[in-house]
Peer 1: 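Can you read through this structure? Questions will come right after.
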Amino acid sequence: MPEPVSRDDSGLRGRGPDDSRPRHSAHHGSGPRDSSPRDSSPHGSGPRDSSPHGSGPRDSGPHGSGHHGSGPHGSGHHGSGHHDADAPRPGTRTRRARLVKVVGFCAATAAGTMLVLRGNDALQGLTTIGAPLSQASVPAAAPADGPDPGRVLQIVAHPDDDLYFMNPDLCYSIASGHPVTSVYLTSGEADGVNAGSDEQSTTPPDKPAYAEARQNGIRAAYAKMATGNRGSAWKRTVIPTGGGGHAELDVLVAKPAVNLVWLQLREAGNVYAERPDSLHGLWDGKVPRLESMLASGTPVKQDFAYTKDQVVQTLLGVLERYEPTTIRSQDPSPGRFPGTKRYTDHQDHFYGARFVQVALGAYAQDVEAQDRPHFAVQNYLGYFNGSLPSALDPDEAKEKLDILDTYAWTDKQNHCGSVAGCGDLKVAEHPQGNNWTSSINYARGTSTSWLTSDKEYGLWAFKVLDGRLALWHRAGLLGEWSGPRLLPGAPGTLMDQGISTVTLKDGRIAAFGTRTSFGAGPADYKREIVYTVQQEPGSEEFEDWTVLGTPEACDEDWTSDISAPAVAVDGSGQLAVYVRDGAYTLRGRVQSTDGHWGPWDHHGGSDLHGSPAAATDGAGRRVVLAATTKTVLGWVQPEPGAALGPATATGLPDTALPITAEGREGGVRLWFRKPGSGNVRTALVTVDGKLKVSGLADLGGLSGFGSVTASGHLLAGRASGGQLGSDVGWGRPWERSPLMFVGAPSSTMTGKSMVSLAVVGLDARLYVTSSADDADAHLAPWRPVGPRTAGP
């Protein structure tokens with residue numbers, strides 16, 4: 001039973017609870033699995049786009065179902081009985097009345113003899129962080145009043161968005177001791193029927209009760225992830241919000257650093273159809289206020305309604321209360337299906353994420369004014385995960401599914417003591433959704449070229465903190481690091497995660513990214529490609545931003561769905577930038593020798609996903625590569641200075657996103673992950689009259705998912721458990737470093753014999769290490785750059 005309800009008048013502008021942070025032991029798994037992408041609806045029923053698989057993404061969205069709905073007015077995420085008749089559907093799992101010890105898996109994979117980093121104190125205890133953890137010394141924990149390793153704040157539209165689209169990151173963060181707070185914008189009340197398909201017609205709708213059942217399921221899932229016991233007690237209180245209403249705050253008694261905040265606004269009830277009483281309608285001004293939908297059993301008893309500004313102020317209050325260093329949000333620009341122009345994700349997901357963006361813009365100014373810790377943002381892909389090759393290895397996918405089993409209340413045992421139910425029975429028949437428990441993908445921040453070196457062996461790191469481009473610099477091989485220094489941004493804009501760098505012919509470094517503009521009205525929302533260049537080689541001063549615009553005409557066309565830019569300079573010194581557009585094709589702009597940029601050229605291709613990768617081969621030709629749901633496509637210049645050639649099939653198998661390319665061995669080497677395994681694969685792309693791919697090899701690894709960075713002898717990427725896995729030499733075992741981090745790692749050659757590697761931790765600090773490029777290589781101790789993170 002839950003703890004007695006009390007009232008906390010400190011509000012969402014006060015301080016969050018603290019706790020001690022435990023250490024755990026490690027495990028990782030891998031193995032083969034079927035990696036075929038599935039064409040199943042994000043939500044259930046509805047016709048598919050007529051374009052064949054492989055020529056473009058398919059639209060299998062529903063008619064009239066939303067997040068969890070089971071009928072024309074539901075809101076189904078995965079409502080029972082609403083899949084296309086001809087769409088493949090994963091088999092229903094045999095239900096067992098058991099409690100899987102998910103906390104054991106999360107803790108084990110997250111940590112190994114887990115080291116919770118606490119600034120320099122922790123790093124001093126590691127003589128070789130790159131060594132196997134069994135050989136690494138583990139320092140004593142810092143005092144309770146010392147700096148913490150970073151605080152994670154997740155903001156999602158519906159109860160279970162975090163479990164489907166942010167796990168296993170969520171699980172690993174909890175297990176490794178980071179304070180984690182999840183905020184739910186809406187109640188997810190759907191049609192109010194908490195039942196599977198067999199009982200839909202006989203179960204009366206009760207929206208407050210269904211909202212309560214989903215809350216109960218979330219509390220059980222978090223309790224299980226944190227303690228291993230789904231029935232672990234919560235303290236539930238009422239707190240005032242910055243928007244003038246009230247929210248429910250739940251604190252896990254056994255692990256007080258685990259918090260849930262329920263804002264309890266009304267949900268849209270449909271994936272893409274117009275519903276004025278929704279976050280979308282409020283954003284567009286279709287309604288002046290959005291009403292609350294209070295769950296039965298919540299300690300919040302007074303209804304309220306928020307204007308658009310009050311939603312932003314409410315989120316700003318949450319940010320001020322918790323002072324997070326890592327913020328996880330859904331994808332604010334997921335795109336549309338080309339055939340029908342329906343959204344590829346739930347409208348609540350991405351309009352909720354846009355409200356988060358506006359609040360982050362206001363909070364970023366507050367961070368600077370109040371000297372609060374910096375923050376980084378991670379955005380997560382939503383429904384379209386199910387149409388992409390699976391990113392998780394079987395063990396990670398199984399444990400993710402077990403957490404969803406807990407949320408879905410598959411055993412129907414009344415462990416919570418609530419007449420509303422202890423979980424979401426709409427999900428119970430099919431808790432894996434549309435392959436969502438087998439995958440996770442970052443919507444942004446996958447570039448691995450944000451760390452670069454100059455001819456003086458200095459290092460430059462470019463990441464986005466507080467919605468602005470952050471710069472760190474080490475002068476020379478032995479110089480001191482400086483930073484982070486936030487470069488000025490344009491008013492009313494936020495830089496998106498994901499920076500790519502390139503060194504120009506004259507030795508200056510250029511940093512490219514995308515930024516979001518908000519404007520005065522909803523139609524003014526847009527994303528565009530921007531870049532800045534050093535004033536001169538070696539200078540820490542950069543020119544004003546240059547805007548390259550976007551290949552998309554307006555937000556309404558493709559919901560501003562463009563990828564991060566891929567950039568390369570060819571042998572003639574010509575600079576080019578490439579993006580995937582909202583129609584899932586390749587677009588590019590080229591800068592002429594006089595500095596003028598040409599138009600956004602169409603380079604074709606179809607069914608492109610993620611961000612393209614670009615590099616220059618040994619002959620100085622630009623090579624561009626992009627992943628589809630089934631293979632990888634390539635483009636190449638016939639010669640330096642020439643126009644990019646047509647899209648060419650590589651013959652490569654399907655790959656989990658994202659991909660990385662690096663010029664070496666006379667060609668361009670591609671790095672990617674094997675679907676359903678997490679193993680790192682590589683292939684060499686060369687040009688001999690035409691594009692040719694050879695040497696496809698599986699390099700193994702520590703499972704995991706996400707970007708792989710490669711420089712010299714070094715490979716590194718996220719391992720299972722969320723930490724950094726690295727390979728510092730052919731034939732040597734992969735090693736696990738105890739760093740939890742945001743986005744992608746980055747590496748670069750420093751001179752001819754040194755490799756440097758960097759990540760940004762969950763505490764929003766830069767961590768850097770290096771390795772000699774030789775047969776006896778190992779990673780030096782990690783060095784943190786910048787001030788420690790102080791807890792709230």
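Residue numbers start at 1 and run along the sequence shown. As the structure is a computational prediction, the values presented were derived from the model and not from experiment. Reckoned from all heavy atoms, side chains included, excluding hydrogens, waters and symmetry mates.
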Peer 1: Does K630 offer a backbone N or O that forms a donor-acceptor pair with the side chain of T628 under 3.5 Å?
Peer 2: yes

Peer 1: Testing the basics here: between E552 and D561, what is the closest heavy-atom pair and its distance to 0.1 Å?
Peer 2: OE2-O, 4.0 Å

Peer 1: Looking at side-chain heavy atoms only, is the closest gap between V156 and S182 below 4.5 Å?
Peer 2: no

Peer 1: Can you measure from CZ (F512) to CD1 (I499) and round to the nearest 0.5 angstrom?
Peer 2: 10.5 Å

Peer 1: Quick check for you: to the nearest 0.5 Å, what is the distance between E735 atom CD and Q723 atom CD?
Peer 2: 13.0 Å

Peer 1: Please find the pair of heavy atoms, one from A564 and one from T514, that lie closest to each other, and give the distance.
Peer 2: CA-CG2, 4.3 Å

Peer 1: Mind checking the CZ-CG spacing from R336 to D345? Nearest 0.5 Å is all I need.
Peer 2: 12.5 Å

Peer 1: Looking only at atom types and distance, does a side-chain atom of R580 sit under 3.5 Å from a main-chain N or O of G610, one as donor and one as acceptor?
Peer 2: yes

Peer 1: Does any part of the side chain of Q330, heavy atoms only, come nearer than 4.5 Å to the side chain of F350, both counted from C-beta?
Peer 2: no

Peer 1: Establish, from distance only, whether the side-chain atoms of Y380 and N385 form a donor-acceptor pair under 3.5 Å.
Peer 2: no

Peer 1: If you apply the rule side-chain hydrogen bond (donor to acceptor under 3.5 Å, both in side chains), what do you find for T448 with S746, and how did you get there?
Peer 2: CA-CA 4 Å; T448 60; S746 184; 5.8 Å; no

Peer 1: Is the ring centre of W450 less than 6.0 Å from the ring centre of F462?
Peer 2: no

Peer 1: Measure the spacing between OG of S747 and CG of L714 and express it to the nearest 0.5 Å.
Peer 2: 5.0 Å

Peer 1: Identify, with sequence neighbours excluded, every residue that meets side chain to side chain donor-acceptor pair (under 3.5 Å) alongside T682.
Peer 2: R669

Peer 1: Measuring only between side-chain heavy atoms, which start at C-beta, is V742 closer than 4.5 Å to L762?
Peer 2: yes

Peer 1: Using every non-hydrogen atom in the two residues, find where G704 and D393 come nearest and quote the distance to one decimal.
Peer 2: N-OD2, 4.5 Å

Peer 1: Is any side-chain heavy atom of Y172 closer than 4.5 Å to one of M740?
Peer 2: yes

Peer 1: Could you check whether D607 and H609, counting side-chain N and O atoms only, form a donor-acceptor pair closer than 3.5 Å?
Peer 2: yes

Peer 1: Taking it one step at a time, do R328 and Q154 satisfy side-chain hydrogen bond (donor to acceptor under 3.5 Å, both in side chains)?
Peer 2: CA-CA 5 Å; R328 295 173 180 159; Q154 304 187 151; 3.0 Å; yes

Peer 1: Looking just at side-chain N and O atoms, do T406 and K224 make a donor-acceptor pair shorter than 3.5 Å?
Peer 2: yes

Peer 1: When the ring planes of Y343 and Y351 are compared, do they come out parallel, tilted or perpendicular, using 30° and 60° as the limits?
Peer 2: perpendicular

Peer 1: Do V623 and W635 have side chains that approach each other closer than 4.5 Å (heavy atoms only, starting at C-beta)?
Peer 2: no

Peer 1: Under 6.0 Å from the ring centre and within 45 degrees of the ring axis: does the NZ or CZ of K341 meet both conditions for the six-membered ring of W558?
Peer 2: yes

Peer 1: Would you say the side-chain atoms of D162 pair up with the backbone N or O of M166, donor to acceptor, closer than 3.5 Å?
Peer 2: no

Peer 1: What are the two closest heavy atoms between D654 and R681, and how far apart are they?
Peer 2: O-NH1, 4.2 Å

Peer 1: Is there a donor-acceptor pair under 3.5 Å between the side chain of T631 and the backbone N or O of P653?
Peer 2: no

Peer 1: Please test T410 against D405 for side-chain hydrogen bond (donor to acceptor under 3.5 Å, both in side chains), starting from the C-alpha separation and ending with a verdict.
Peer 2: CA-CA 6 Å; T410 55; D405 280 343; 4.6 Å; no

Peer 1: Using the rule given for side-chain hydrogen bond (donor to acceptor under 3.5 Å, both in side chains), can you reason through S703 versus S720, listing the C-alpha separation, both sets of side-chain angles and the distance that settles it, and then say yes or no?
Peer 2: CA-CA 5 Å; S703 298; S720 61; 4.8 Å; no

Peer 1: Are the side chain of K674 and the backbone N or O of N679 linked by a donor-acceptor pair below 3.5 Å?
Peer 2: no

Peer 1: Would you tell me whether T748 and S711 have side-chain atoms, one donor and one acceptor, within less than 3.5 Å of each other?
Peer 2: no

Peer 1: Is the backbone N or O of G706 less than 3.5 Å from a side-chain atom of R718, with the two atoms forming a donor-acceptor pair by type?
Peer 2: no

Peer 1: Rounded at 0.5 Å granularity, tell me how far CG in D331 sits from OG1 in T559.
Peer 2: 8.0 Å

Peer 1: Kindly give the heavy-atom pair with the smallest separation between G605 and A647, and that separation in Å.
Peer 2: N-CB, 4.0 Å

Peer 1: For this output row, return yes or no: ring centroids of F165 and H349 closer than 6.0 angstrom.
Peer 2: yes

Peer 1: With a 4.5 Å cut-off on side-chain heavy atoms, are L401 and S438 touching?
Peer 2: no

Peer 1: Going by the side chain to side chain contact (heavy atoms under 4.5 Å, CB included) test, name the single residue among V680, L699, D727, I659 that passes it with V708.
Peer 2: V680

Peer 1: How long is the gap from CG on D688 to OG1 on T686, to the nearest 0.5 Å?
Peer 2: 7.0 Å

Peer 1: I need the minimum non-hydrogen distance between V632 and T650, along with the two atoms involved.
Peer 2: O-OG1, 2.6 Å

Peer 1: Over 60° means perpendicular and under 30° means parallel, so tell me whether H346 and H158 are parallel, tilted or perpendicular.
Peer 2: perpendicular

Peer 1: Does a side-chain heavy-atom distance below 4.5 Å link S197 with E429?
Peer 2: yes

Peer 1: Is T550 close to R527 at the side-chain level, that is, under 4.5 Å between some pair of heavy atoms?
Peer 2: no

